[in-house]
2 protein chains.
Amino acid sequence: MSRSKEVLSQSILFSGLPEQDIAALTAIAVEKPVAAGELIFSEGDPGDGFYVTLEGMIKVYKLSTEGKEQILHMFGPGEPFGEVPVFSGKAFPASAEGVKKSRVLFFPRKAFRDLITTNPSVAMNMLAVLSRRLRNFTIQVENLSLKEVPARLAGYFLLQAEEQKNPDTITLNISKGQLASFLGTIPETLSRMLRKMSEQGLVEVQGRTIRLLDRPGLEDLAEFGKMEA
Amino acid sequence: MSRSKEVLSQSILFSGLPEQDIAALTAIAVEKPVAAGELIFSEGDPGDGFYVTLEGMIKVYKLSTEGKEQILHMFGPGEPFGEVPVFSGKAFPASAEGVKKSRVLFFPRKAFRDLITTNPSVAMNMLAVLSRRLRNFTIQVENLSLKEVPARLAGYFLLQAEEQKNPDTITLNISKGQLASFLGTIPETLSRMLRKMSEQGLVEVQGRTIRLLDRPGLEDLAEFGKMEA
DNA sequence: AACAGTTTTTGACATAAATCAAGGAAAGAT
DNA sequence: ATCTTTCCTTGATTTATGTCAAAAACTGTT
């Protein structure tokens with residue numbers, strides 16, 4: 001089995017599909033290399049299909065008129081993105097580009113809609129994907145509206161610790177600038193908060209490696225968002 | 001046809017369904033009256049089904065630990081809500097309650113999943129509903145992160161004008177306090193911004209009636225977010 | 001190893017919006 | 001019509017975070 005098929009067969013969207021269906025899928029899909037910083041689609045583009053990340057990392061983001069960036073999602077291998085226009089019939093609501101050198105698979109709109117109508121389990125998987133996405137958005141809105149930057153940061157660290165299956169050390173897989181943009185702030189503020197958290201013994205920062213020194217403290221910060229001094 | 005069936009047959013989710021399917025649906029669904037301020041479900045509840053608003057208005061919201069509220073969505077007649085747990089398998093990510101006296105229809109999880117697997121067009125409609133929801137969330141995140149309160153407010157007015165099909169006068173269908181919560185701010189700030197916009201001749205406010213006096217000015221404010229003085 | 005580029009940090013300052021506190025207006029109940 | 005409660009407005013003040021400017025620390029490259 002090719003590397004692409006392997007990624008697909010383990011993706012949330014196509015898990016449980018028999019191998020010949022996966023093969024049929026790769027037949028209709030087009031693979032595309034994406035350079036670091038390369039634009040995949042822009043907000044307002046028509047959107048005649050969606051993508052699955054095969055390798056690397058893709059960010060989906062919005063830009064303000066003054067040029068500030070807000071990252072909405074980061075997608076790694078196996079994760080689909082850009083599906084909204086396929087089902088809503090409207091243009092992409094945001095833009096996407098590679099964070100690093102990546103490979104993506106493009107699925108044309110019509111072929112995929114046909115697959116869904118004949119294959120209820122793919123429809124169900126897609127519903128699950130979109131539901132999870134909605135769930136993440138509610139958390140993002142909650143963070144932006146109801147929590148301050150230190151709380152968001154602490155929450156991010158704890159989430160990463162879980163995803164990376166290491167309760168006391170995490171490695172950032174994006175730059176601090178990109179992390180700031182994901183958390184809805186700017187690099188200067190992020191830098192200051194990291195220093196503050198270090199001074200209080202919550203974490204130890206060394207480049208992209210963050211040691212979580214005080215999990216209860218971080219959990220408290222993530223929930224209540226207050227740091228003394 | 002009963003009032004409920006009428007609402008359902010015109011809803012985005014069930015549009016295009018033959019009448020006997022609608023009848024079958026209402027057979028599995030349970031109607032429930034909801035008082036103003038009555039809780040329908042809470043964040044963290046298991047979620048063994050989803051709802052469709054029949055009458056009135058439902059808000060879906062999050063609360064901060066300090067008690068501040070962020071409204072995520074407002075749903076009127078025909079609009080479904082609370083679907084995320086049906087497909088993600090996880091609990092409700094937010095809470096829902098009636099804004100005013102309402103009626104809702106509850107669809108049990110299993111029955112609806114069965115309907116979807118046998119009826120691709122319902123699956124397609126649900127995918128469209130979730131996609132549209134995602135689209136709205138990207139706008140909400142953009143607003144919270146990249147725009148200031150005056151810009152969000154101007155954008156809200158323009159959107160309402162469109163929905164109410166009246167280019168120069170809108171009537172708020174929620175209280176100003178609830179509007180503040182939807183826009184991610186507090187009543188005091190909203191009040192001040194409304195005054196500022198009035199002083200600048202952008203709008204004229206009389207209770208819940210807002211007259212849009214300067215659409216180009218509002219459009220500019222919504223996009224660039226700057227108000228002189 | 002030195003270079004040019006980017007990313008990150010630090011400092012001084014500006015500002016949008018929240019908080020606290022209180023008065024006024026509107027709406028619903030008796 | 002009056003009372004009571006909720007909603008809305010206004011003012012004074014605080015605060016978190018953004019802006020601007022510059023230095024320092026990395027990164028990868030010749």
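Naming: A, B, ... by sequence-line order, numbering from 1 per chain.
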Between D/dC7 (P) and B/Lys100 (NZ): distance, integer Å: 14 Å
Salt-bridge present (A/Lys32, A/Glu38; N to O < 4.0 Å): yes
Enclosure of A/Glu162 CD (heavy-atom neighbours >12, cutoff 6.0 Å): no
Interatomic distance where CD belongs to B/Glu148 and C1' belongs to C/dA17 [whole Å]: 9 Å
Between the protein and nucleotides 24-30 of chain D, which nitrogen or oxygen pairs are less than 3.5 angstrom apart?
none

Rounded interatomic separation in angstrom, taking CD1 from B/Ile186 and P from D/dT13: 17 Å
Separation of D/dG18 P from A/Leu183 CG (nearest whole Å): 11 Å
B/Lys147 NZ - C/dT15 P separation (whole Å): 22 Å
Restricting to nitrogen or oxygen on both sides, can you table the protein-nucleotides 8-12 of chain C pairs closer than 3.5 Å?
residue: C/dT8; atom: OP1; partner: A/Lys176; partner atom: N; Å: 2.9
residue: C/dT8; atom: OP2; partner: A/Gly177; partner atom: N; Å: 2.8
residue: C/dT9; atom: OP1; partner: A/Lys176; partner atom: NZ; Å: 3.1
residue: C/dT9; atom: OP2; partner: A/Ser191; partner atom: OG; Å: 3.2
residue: C/dT9; atom: O5'; partner: A/Ser191; partner atom: OG; Å: 3.1
residue: C/dT10; atom: OP2; partner: A/Arg195; partner atom: NE; Å: 3.3
residue: C/dG11; atom: N7; partner: A/Arg192; partner atom: NH1; Å: 3.1
residue: C/dG11; atom: O6; partner: A/Arg192; partner atom: NH2; Å: 3.3

Ion pair check, B/Arg133 and B/Glu83, cut-off under 4.0 Å: yes
CA sep, side-chain torsions, deciding dist, call: A/Tyr61, A/Glu97, side-chain hydrogen bond (donor to acceptor under 3.5 Å, both in side chains): CA-CA 8 Å; A/Tyr61 63 96; A/Glu97 68 173 56; 3.1 Å; yes
Check against ring pair (Phe, Tyr, Trp, His ring centres under 6.0 Å), A/Phe107 and A/Phe14: CA-CA 13 Å; A/Phe107 293 88; A/Phe14 300 119; 5.6 Å; yes
Side-chain heavy atoms of A/Tyr51 within contact of A/Pro80, under 4.5 Å: no
Sugar-phosphate, base or nothing in reach of A/Gly184, heavy atoms under 4.0 Å: sugar-phosphate
Dot-bracket encoding of pairs in DNA chain C, which uses [ ] for pseudoknotted crossings and | for another strand, Watson-Crick or G-U under 3.5 angstrom: ||||||||||||||||||||||..||||||
Side chain proximity check, B/Leu63 to B/Lys68, heavy atoms < 4.5 angstrom: no
Lys/Arg-Asp/Glu bridge criterion (N-O < 4.0 Å) met for A/Glu79, A/Arg132: no
Of all pairs that satisfy side-chain hydrogen bond (donor to acceptor under 3.5 Å, both in side chains), the ones with a partner from residues 202-217 of chain A, not counting sequence neighbours: none
Gap between atoms CG and P, on A/Leu179 and C/dT7 respectively (whole Å): 14 Å
All N/O donor-acceptor pairs, side-chain side in residues 178-187 of chain A, below 3.5 Å, sequence neighbours left out:
residue: A/Gln178; atom: OE1; partner: A/Lys59; partner atom: NZ; Å: 3.0
residue: A/Ser181; atom: OG; partner: A/Glu69; partner atom: O; Å: 3.0
residue: A/Ser181; atom: OG; partner: A/Glu69; partner atom: OE2; Å: 2.8
residue: A/Ser181; atom: OG; partner: A/Ile71; partner atom: N; Å: 3.4

B/Leu172 CG - C/dA27 P separation (whole Å): 13 Å
Interatomic distance, A/Met193 CE vs D/dT15 C1' [rounded to whole Å]: 11 Å
Listed partners of B/Phe224 passing ring pair (Phe, Tyr, Trp, His ring centres under 6.0 Å), at least two apart: none
